[in-house]
Structure formats: C-alpha cells, structure tokens
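Only a predicted model underlies this, so the values are computations on that prediction, with no experimental measurement involved. Heads up: numbering here begins at 1 and tracks the sequence. No hydrogens, no waters, no symmetry mates; every other heavy atom, side chains included, goes into these values.
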Amino acid sequence: MIAILGTGKMGEALLSGLLRAGRTPDEVLVTARRRERAELLRERYGVGAVSNAEAAAKASVLVLAVKPQDMGALLDEVGGHVAASTLVVSMAAGITSGFIEQRLGSDAPVVRVMSNTPVLVDEAMSVISAGSHASEEHLRLAEQLLEPVGKVTRIPESLQDAATALSGSGPAYFYYLVEAMVDAGILLGMPRAAALDMVIQSAVGAAVMLRDSGEHPVLLREAVTSPGGTTIAAIRELERHGVRAAVLEAIEAARNRGRELAGG
C-alpha cells in the first residue's frame, strides 16, 4: 500500500502517474488538510481518503508531500504509526533525511526527493538521496514510484540544496527567459501571441535536441552561430551584460537560500 500525505498539486501529479503506470486505486491512499480536497481526490481517482495516522499505519510506502513548514507537525502526528519497515519518501524541500529519522524515532528507511513542477506533465526531474537506513532496494523502489512522471537520478544528500537550486527552481529560470524573449519580440513589432508561439516552439525544439542528440550545448549553440551573423551579435550582447555570470550567481543564491530555509 502506498500513501501520499498532503496531496496537493505535486502529490496529485504523482498519484495520477502511479495510476497510469498500472497501480490500482485500491493500492493507494491519500490525505489532505481539507476534507473537501480529500473527497475530490477520492471521487476523481477512486483511491481511499483517510487520516494521516491511518495512512501511516497501513502503508508500506509513505510519501510525505506536505510543505516544508508543515513537516514537523506531520511527523509528530504519524510518528507512532510508522513501522520500521516502512519506506518514507520525502518530497519537502530543505528537510533532511536525518530530521525525519529523528522525529519518527525509528529505523525506518528514508529517501529524500527533490522534484519540480513538470511532474504535472510527466516531464519532471527528480533527484533522490538515501537516508542512513535506506538500502539499494529502497532507492530502486523510490525510482519506480517516480519514473512514471519523469526522469530520476541519484545524488548524495549533501548536494540536495544544489539540486533544489538547479532543477527544483530550474523551470522558473526558463519561464523568465521566455518572458524576456517574448518582450523582445513585442519590442520589435511582433504581436504577443505570435512571439509567444515562436519562443515556446524554439524552447521545445532546443530542449528535445539537447536531450536526444547527445551533443554538448556548446556544440549545438555553435551550430547556430555563423561567423559575422545575427546570433553572434546577440551572444556578444549577452556576454557584455554579464548574463552568464548572473546565472551562476542566481543559482548559487538559490542554493544558499535553501540552506537558510533548512536551518531556520
């Protein structure tokens, strides 16, 4: 039995992915803070909607999908109901596996996950790390849970804050760039809808080429950059304004903020 505690947008996306991957509704339990939300999930997917304590007592895999600020209270609520054999998968940013192990007060295996919003379209990037009691078998099980909604990779937990900054927040950086490019199109006289359509398709095409070609991004960028052409003129301006350095500093700042939130 799999239980998803705190089934908001990310939790619901995981739920729908599990069902599409072949899990049956009677294999999944969900919880939600509001009763009407729990009832909506039960009606929409046919899964059981129960209390946090009941879910923790019945589940062999417990997915903690609550917000980081709610994690302490949730662990206090379910701590006495989690068996030592239960796999605990945490999707809360900044919450360490050690924090969860300590609050549960058991040797339950914990796998920490950082995913991102493309989970909603089955294109998530999920990075996972093993807690002190999690084995290879537990990591494989976590991968099986997450693979229906995107790509999964393993990293040491010491790099989770960096992963949060790079891929957890990553989609926002691309949306920001798309927004700026659309504004540039409007500045050049392009209708907004047409500019947005062009930029989105360019982004999708570039992403697919990066994923499927196996080429380094530098080589793909150079293939577009003709000597004395339009692209190199644009690249020169990006370099002149320090865009590369700004990206490095922005992602480092996100990493540092993640550490602050985890510590605070």
Side-chain angles (χ1 to χ4, degrees), residues 1-68 70-71 74-75 78 81-83 85-93 95 97 100 104 108-131 134-155 160 163 167-168 171:
M1 181 72 72
I2 300 169
I4 303 173
L5 276 57
T7 315
K9 288 185 178 180
M10 295 288 280
E12 183 178 358
L14 177 59
L15 167 62
S16 63
L18 290 172
L19 296 177
R20 288 194 305 277
R23 302 275 182 178
T24 59
D26 59 2
E27 294 180 273
V28 185
L29 297 172
V30 299
T31 76
R33 176 180 292 181
R34 294 180 292 109
R35 180 178 299 177
E36 56 269 30
R37 170 66 176 169
E39 282 301 305
L40 174 65
L41 293 167
R42 183 184 63 79
E43 294 173 4
R44 182 176 293 170
Y45 299 102
V47 297
V50 297
S51 68
N52 289 326
E54 185 178 351
K58 291 183 176 180
S60 58
V61 178
L62 200 60
V63 180
L64 309 180
V66 298
K67 291 180 171 59
D70 297 328
M71 182 63 78
L74 175 66
L75 293 173
V78 304
H81 304 279
V82 179
S85 59
T86 301
L87 171 60
V88 178
V89 177
S90 171
M91 301 184 72
I95 302 297
S97 61
I100 295 170
L104 288 178
V110 176
V111 173
R112 180 177 170 185
V113 176
M114 170 47 59
S115 195
N116 58 17
T117 55
V119 69
L120 298 169
V121 292
D122 295 345
E123 291 291 350
M125 180 69 250
S126 299
V127 292
I128 66 174
S129 305
S135 66
E136 173 67 22
E137 179 183 357
H138 297 124
L139 285 170
R140 284 200 303 268
L141 181 53
E143 287 170 338
Q144 291 169 10
L145 289 173
L146 294 163
E147 282 169 351
V149 293
K151 186 174 182 178
V152 186
T153 193
R154 302 181 186 184
I155 61 171
Q160 277 281 353
S167 66

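Listed by chain and residue number, Asn116, Thr117, Pro118, Tyr175 satisfy the side-chain contact (heavy atoms from CB on, under 4.5 Å) test with Pro171 (two or more places apart in sequence, or in another chain). A search for salt bridge (Lys or Arg N to Asp or Glu O under 4.0 Å) contacts involving Glu43 returns nothing, not counting sequence neighbours. Remark: Ala13 engages Val119, Leu120 in a side-chain contact (heavy atoms from CB on, under 4.5 Å) (not counting sequence neighbours). For Ser85, the side chain to side chain donor-acceptor pair (under 3.5 Å) test picks out no residue, with sequence neighbours left out. Judged as a salt bridge (Lys or Arg N to Asp or Glu O under 4.0 Å), and not counting sequence neighbours, Arg35 has no contacts. By the side-chain contact (heavy atoms from CB on, under 4.5 Å) test, Gln144 pairs with Leu141, sequence neighbours left out. Residues passing the side chain to side chain donor-acceptor pair (under 3.5 Å) test with Arg37, sequence neighbours excluded: Glu12. Every residue two or more places apart in sequence or in another chain that forms a salt bridge (Lys or Arg N to Asp or Glu O under 4.0 Å) with Arg33 is listed here: Asp70. In this structure, the side chain to side chain donor-acceptor pair (under 3.5 Å) partners of Ser97, at least two apart in sequence or on a different chain, are Glu157. Take Ala92 and apply the side-chain contact (heavy atoms from CB on, under 4.5 Å) test, not counting sequence neighbours, and it matches Pro68, Met71, Ser90, Ile95. Partners of Glu54 by side chain to side chain donor-acceptor pair (under 3.5 Å), not counting sequence neighbours, listed by chain and number: Lys58.
Across all their heavy atoms, Leu29 and Ala55 have their closest contact at CD1-CA, 4.2 Å. Residue Pro109 comes nearest to Ala134 through the heavy atom pair CB-CA, 3.8 Å, listed as atom of the first residue, atom of the second, then distance. Closest approach of Gly46 to Pro25, counting heavy atoms only: O-CB, 3.3 Å. Shown here for Pro148 and Gly17, the closest heavy-atom pair between the two residues is CB-O, 3.5 Å. Val28 and Val47 get closest at one heavy-atom pair: O-CB, 3.5 Å.
Between the CZ atom of Arg44 and the CG atom of Leu19 there is a distance of 12.0 Å, given to the nearest 0.5 Å. If you take OG1 on Thr31 and CG on Leu41, they are separated by 9.5 Å, rounding to the nearest 0.5 Å. Atoms CG and CG, on Leu14 and Leu146 in that order, are 6.0 Å from each other to the nearest 0.5 Å. Rounded to the nearest 0.5 angstrom, Leu74 CG and Leu62 CG are separated by 7.5 Å. A distance of 11.5 Å separates NZ of Lys151 from OG of Ser126, quoted to the nearest 0.5 Å.
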Next on the checklist: With side chain to side chain contact (heavy atoms under 4.5 Å, CB included) as the criterion, how do Met114 and Ile155 come out once you've worked through the C-alpha distance, each side chain's angles and the decisive distance to 0.1 Å?
Outcome noted: CA-CA 10 Å; Met114 170 47 59; Ile155 61 171; over 6 Å; no
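Counting heavy atoms from C-beta outward, Leu75 and Leu64 have side chains that approach closer than 4.5 Å. Side-chain atoms of Arg23 and Leu145, non-hydrogen and from C-beta on, do get closer than 4.5 Å to each other. Contact annotation: the side chain of Glu27 never approaches that of Ile2 to less than 4.5 Å [non-hydrogen atoms, C-beta and beyond]. For the pair Leu18/Val149, no side-chain contact is recorded, criterion being any heavy-atom separation below 4.5 Å from C-beta on.
Listed by first then second residue, pairs satisfying salt bridge (charged side-chain N to carboxylate O under 4.0 Å, His left out) with a partner in residues 116-128 read Arg20-Asp122, not counting sequence neighbours.
When each of Arg154, Gln160, Arg112 is paired with Ser129, the side chain to side chain donor-acceptor pair (under 3.5 Å) condition holds for Gln160 and for no other. The one candidate from Glu143, Glu136, Glu137 that meets the salt bridge (charged side-chain N to carboxylate O under 4.0 Å, His left out) condition with Arg140 is Glu136.
Checking side-chain atoms of His81 against main-chain N and O of Val78 turns up no donor-acceptor pair under 3.5 Å.
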